[in-house]
Amino acid sequence: MTTILVTGGTGTLGRLVTERLRSDGHEVRVLSRHTQPYAVDLRKGGAGLEAAVADVDTIVHCATTQTGGDEKAAENLVAAARRAGVGHLVYISIVGVDRVPYPYYRTKFAVEKLIEESGLGWTVLRATQFHDLLVMVFKALAKLPVMLLPARVSDQPVEVAEVAARLAELAAGAPAGRVEDMGGPEIRTFESLARAYLKATGRRRAVVNVPLWGRAYRQFRNGGHLAPEHAVGKGTFEEYLAGPRG
């Protein structure tokens with residue numbers, strides 16, 4: 001079996017990728033900012049990163065932050081991977097990063113391009129939003145008596161464990177370039193998803209759809225972040241809400 005490094009290996013997705021790869025018999029190293037022996041801030045690089053990638057066959061790059069620094073982190077990772085002779089870099093991205101001019105999406109798209117032009121063998125998988133992200137958003141919005149939602153926006157949430165399984169499968173294979181997107185089983189209005197969350201959590205809130213503005217909102221409204229032709233996920237939002245993590 002191969003030696004695989006998972007960046008962001010303690011996060012929501014990375015933890016499940018790590019578990020899946022280990023259960024399949026691979027030797028897995030976990031890189032995160034606070035987990036030994038590979039406690040590394042990718043934005044800074046350094047000797048710890050060199051040690052993490054040494055003798056690694058494949059890297060699954062799950063580490064990310066919405067506070068900035070993903071491009072620098074990817075630059076450092078790619079440079080270290082080149083020096084170490086890593087054969088395969090797998091990256092998880094988001095459906096619509098090339099269509100929706102949202103700052104975080106633009107950063108993810110820039111990282112995709114950096115990886116594609118790295119000279120390494122690479123695979124990029126784009127997925128729609130995870131169920132737990134919607135729960136986090138709705139939990140924040142439900143703090144007010146009135147739940148304000150972006151009008152005329154839909155979503156296609158996918159089960160994170162299914163994405164982890166797909167990433168593990170890709171990591172065990174040969175570099176495949178840009179693979180088919182992975183979307184959840186249903187495209188639902190934001191309002192229907194919010195009402196499902198309220199029902200599951202026993203909260204009572206008025207729900208108001210608010211028209212927004214800007215190019216990013218227009219693309220979200222037009223479904224630029226959806227993958228209707230790749231609705232391959234199985235787990236629904238209601239099933240997630242009914243489970244232990246809902």
Side-chain angles (χ1 to χ4, degrees), residues 4 6-9 11-21 23-24 26 28 58-64 66 70 74 88-100 102 104-116 121-137 153-190 192-193 196 219-220 222-241 243 245-246:
I4 300 175
V6 180
T7 74
T12 300
L13 175 63
R15 176 177 52 81
L16 295 177
V17 172
T18 297
E19 291 174 359
R20 182 61 178 257
L21 288 169
S23 70
D24 289 342
H26 299 284
V28 182
T58 298
I59 298 172
V60 183
H61 186 29
C62 298
T64 186
Q66 296 202 34
D70 273 15
H88 189 189
L89 177 54
V90 182
Y91 181 57
I92 179 65
S93 190
I94 306 172
V95 170
V97 292
D98 55 340
R99 298 189 293 263
V100 181
Y102 180 66
Y104 181 60
Y105 279 36
R106 285 175 168 168
T107 297
K108 297 287 283 187
F109 190 46
V111 172
E112 283 188 11
K113 291 300 181 184
L114 192 155
I115 290 171
E116 290 172 12
W122 60 274
T123 301
V124 170
L125 170 67
R126 292 179 182 175
T128 53
Q129 288 73 30
F130 301 153
H131 292 134
D132 69 289
L133 175 61
L134 288 184
V135 168
M136 182 176 67
V137 170
V153 172
S154 297
D155 214 336
Q156 189 181 356
V158 66
E159 171 55 46
V160 64
E162 295 176 357
V163 178
R166 178 62 173 144
L167 278 177
E169 177 185 36
L170 292 169
R178 168 89 186 280
V179 298
E180 289 189 350
D181 295 345
M182 186 170 186
E186 301 175 318
I187 294 177
R188 305 267 298 275
T189 66
F190 230 57
S192 76
L193 292 164
Q219 287 300 320
F220 279 126
N222 292 338
H225 60 304
L226 306 177
E229 68 280 17
H230 297 294
V232 295
K234 303 298 182 184
T236 67
F237 190 53
E238 276 81 2
E239 289 171 338
Y240 175 84
L241 292 170
R245 293 170 294 154

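None of these values were measured; they are calculated from a predicted model. Residue numbers start at 1 and run along the sequence shown.
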Do Thr64 and Asp70 have a side chain donor and acceptor closer than 3.5 Å? yes
So, Thr123 and His88: side-chain donor and acceptor under 3.5 Å apart, yes or no? yes
Among [options], which residue satisfies the side-chain contact (heavy atoms from CB on, under 4.5 Å) criterion with [X]?
{"X": "Met136", "options": "Leu134, Leu133, Asp132", "result": "Leu133"}
{"X": "Ile4", "options": "Asp24, Leu21, Val90, Val17", "result": "Leu21"}
{"X": "Cys62", "options": "Leu13, Thr18, Thr12", "result": "Leu13"}

Of all the heavy-atom pairs spanning [X] and [Y], show the shortest one and how long it is.
{"X": "Gly233", "Y": "Pro185", "answer": "O-CB, 3.1 Å"}
{"X": "Val179", "Y": "Ala176", "answer": "CG1-CB, 3.7 Å"}
{"X": "Ser93", "Y": "Val124", "answer": "CB-CG1, 4.2 Å"}
{"X": "Ala63", "Y": "Gly8", "answer": "CB-N, 3.6 Å"}
{"X": "Ile92", "Y": "Ala127", "answer": "CD1-CB, 4.2 Å"}

Taking atom [atom1] of [X] and atom [atom2] of [Y], what is their separation to the nearest 0.5 Å?
{"X": "Leu125", "Y": "Glu112", "atom1": "CG", "atom2": "CD", "value": "10.0 Å"}
{"X": "Leu89", "Y": "Ile59", "atom1": "CG", "atom2": "CD1", "value": "5.5 Å"}
{"X": "Leu114", "Y": "Phe109", "atom1": "CG", "atom2": "CZ", "value": "12.5 Å"}
{"X": "Gln66", "Y": "Thr107", "atom1": "CD", "atom2": "OG1", "value": "9.5 Å"}
{"X": "Ile187", "Y": "Ser192", "atom1": "CD1", "atom2": "OG", "value": "11.5 Å"}
{"X": "Gln156", "Y": "Glu186", "atom1": "CD", "atom2": "CD", "value": "9.5 Å"}

Run the side-chain hydrogen bond (donor to acceptor under 3.5 Å, both in side chains) test against Asp98 and tell me which residues pass, sequence neighbours left out. Arg126
Of all residues at least two apart in sequence or in a different chain, which pass the side-chain hydrogen bond (donor to acceptor under 3.5 Å, both in side chains) check with His230? none
Side-chain heavy atoms of [X] within contact of [Y], under 4.5 Å:
{"X": "Lys108", "Y": "Tyr91", "result": "yes"}
{"X": "Leu16", "Y": "Val160", "result": "yes"}
{"X": "His26", "Y": "Thr58", "result": "no"}
{"X": "Val97", "Y": "Tyr104", "result": "no"}

List the residues meeting salt bridge (charged side-chain N to carboxylate O under 4.0 Å, His left out) with [X], not counting sequence neighbours, and say none if there are none.
{"X": "Lys113", "answer": "Glu116"}
{"X": "Glu239", "answer": "none"}
{"X": "Arg178", "answer": "Asp181"}

Determine yes or no for a side-chain-to-main-chain donor-acceptor pair under 3.5 angstrom, with Glu159 supplying the side chain and Gly184 the backbone. no
If only atom types and distance count, is the side chain of Glu162 paired as donor or acceptor with the main-chain N or O of Lys234 below 3.5 Å? yes
Listing, residues 168-175 side-chain donor-acceptor contacts under 3.5 Å, not counting sequence neighbours, or none:
unit_1	atom_1	unit_2	atom_2	d
Glu169	OE1	Arg166	NH1	2.8

Is there a side-chain contact (heavy atoms from CB on, under 4.5 Å) between His225 and Thr128 once you walk through the steps? CA-CA 7 Å; His225 60 304; Thr128 53; over 6 Å; no
Which of parallel (below 30°), tilted (30 to 60°) and perpendicular (above 60°) describes His131 and Tyr240? tilted
Output, in order, the C-alpha distance, side-chain angles, deciding distance and verdict of side-chain contact (heavy atoms from CB on, under 4.5 Å) for Leu193 and Thr189. CA-CA 6 Å; Leu193 292 164; Thr189 66; over 6 Å; no
Intermediate values then yes/no, side-chain contact (heavy atoms from CB on, under 4.5 Å), Phe237 and Val135: CA-CA 9 Å; Phe237 190 53; Val135 168; 4.0 Å; yes
Test side-chain contact (heavy atoms from CB on, under 4.5 Å) on Thr7 and Val60; report intermediate values, then the result. CA-CA 6 Å; Thr7 74; Val60 183; over 6 Å; no
Please determine whether ring-ring contact (aromatic ring centres under 6.0 Å, His included) holds for the pair Phe220 and Tyr105, giving the CA-CA distance in whole Å, both sets of side-chain angles, and the decisive distance to 0.1 Å. CA-CA 12 Å; Phe220 279 126; Tyr105 279 36; 5.7 Å; yes
